[in-house]
Number of protein chains: 2
Amino acid sequence: MFNHMVEHHLDRVFHALSDPTRRAILDRLAEGEATVGHISGPFPISFAAVSKHLGVLERAGLVTRKARGRERVCRLNPAALADARAWLGFHQRFWAERLDALDAMVGQKSGKPD
Amino acid sequence: MFNHMVEHHLDRVFHALSDPTRRAILDRLAEGEATVGHISGPFPISFAAVSKHLGVLERAGLVTRKARGRERVCRLNPAALADARAWLGFHQRFWAERLDALDAMVGQKSGKPD
DNA sequence: AAAAAATTTAACCAAACGGTTGAAAATCGA
DNA sequence: TCGATTTTCAACCGTTTGGTTAAATTTTTT
């Protein structure tokens, strides 16, 4: 159902999201587009490190960078979250169903409604 | 709003989900609880490797392992997906809003209607 | 044309990752 | 009790990660 090349893409998206600095960059970027230097400011790591983080985010499709003069303007791509969200949504619902079925089979109603 | 120790937890959940073998283990586990050996079967990697993957999933709270004799029975914990899903849901919505606002602003300035 | 500014790239490092094999620790069946 | 079974743990290995600094690149400013 989900199994396509999406799998490969999910690797990159989930990996990109697994780092707190990168999630902070995304938060920062949610306030509006910004240049690499502008993004880099508040972080206690080097400029180059932030640039590499942006590379990871870009390869995951979460961020786009386009040149404007000597600067690179970074912008969020909310659509890239859709795959990850779909995976989570599907599985969370599916797991819950299966576990409910298991509970029902065991016959011990835990009394937890939907 | 989200920023608590949850951050630290999100690191582990997203990282756990970033590996295709681990996602496959979760898929497998969605069919019902299973022992480590049972899970390990279909995978072309060693038993110990699967055990380590299960450790990662357990530390992320996605899976619980409980002893039953000399076996360990593994089971999904759907609740653990909630945090990740909440993060994604909030951000996806928030990003979309901000970008809509940005588009509207740009549209106003350039006189281009929506 | 030269200097300054914004980014990326390259080379490097320590730590973590995903994998292996083999030994250790429980528990079960004989 | 002894041997087999199930699982983890420990040590190791090559690759990736997240970070650094320094050099290279591109564009703007003077």
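Because only heavy atoms are used, hydrogens play no part in the values below, and waters and symmetry mates are left out as well, while side chains stay in. Naming: A, B, ... by sequence-line order, numbering from 1 per chain.
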- Query: What string of B, S and - do you get for nucleotides 20-25 of chain D 5' to 3' if you count protein non-hydrogen atoms under 4.0 Å?
  - Reply: BB----
Take atom [atom1] of [X] and atom [atom2] of [N], then tell me their distance rounded to the nearest Å.
X	N	atom1	atom2	value
A:His53	C:dT8	NE2	P	14 Å
B:Leu54	D:dC9	CG	C1'	15 Å
A:His15	C:dA16	NE2	C1'	11 Å
B:Asp19	D:dT16	CG	C1'	13 Å
B:Arg12	C:dC17	CZ	P	11 Å
A:Asp11	C:dC17	CG	C1'	14 Å

Can you tell if the side chain of [X] reaches within under 4.5 Å of the side chain of [Y], non-hydrogen atoms only?
X	Y	answer
B:Arg72	B:Lys66	no
A:Leu10	B:Arg23	yes
A:Arg28	A:Pro42	yes
A:Val50	A:Ile25	yes
B:Pro20	A:Asp11	yes
A:Leu62	A:Leu81	yes
B:His15	A:Leu17	no
A:Trp87	A:Val13	no

- Nucleic acid contacts of residues 34-42 of chain B, taken as heavy-atom distances under 4.0 Å to DNA chain C: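 Per residue number, the list is empty: none.
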- Between A:Leu57 and A:Ala16, which heavy-atom pair has the shortest distance, and what is it?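 Scanning both residues, the minimum pair turns out to be CD2-CB, 4.1 Å.
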- Roughly how far apart are A:Ile39 CD1 and A:Cys74 SG, rounded to 0.5 Å?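 Going from the CD1 atom of A:Ile39 to the SG atom of A:Cys74 covers 4.0 Å.
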- Is there a side-chain polar atom (N or O) of B:Ser51 under 4.0 Å from OP1 or OP2 of D:dT8?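 Answer yes for this pair, as a side-chain N or O of B:Ser51 is under 4.0 Å from OP1 or OP2.
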- Query: Quick one, which residues of residues 56-70 of chain B touch DNA chain D with a heavy atom under 4.0 Å?
  - Reply: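 Going residue by residue through residues 56-70 of chain B, the ones with a heavy atom under 4.0 Å of DNA chain D turn out to be B:Arg65, B:Arg70.
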- Which of these nucleotides, D:dG19, D:dT8, C:dT7, is closest to any side-chain atom of A:Thr21?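 Comparing D:dG19, D:dT8, C:dT7 against the side chain of A:Thr21, the answer is D:dG19.
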- Would you kindly say whether A:Asp27 and B:His91 are connected by a side-chain donor-acceptor distance under 3.5 Å?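 B:His91 and A:Asp27 do have a side-chain donor-acceptor pair below 3.5 Å.
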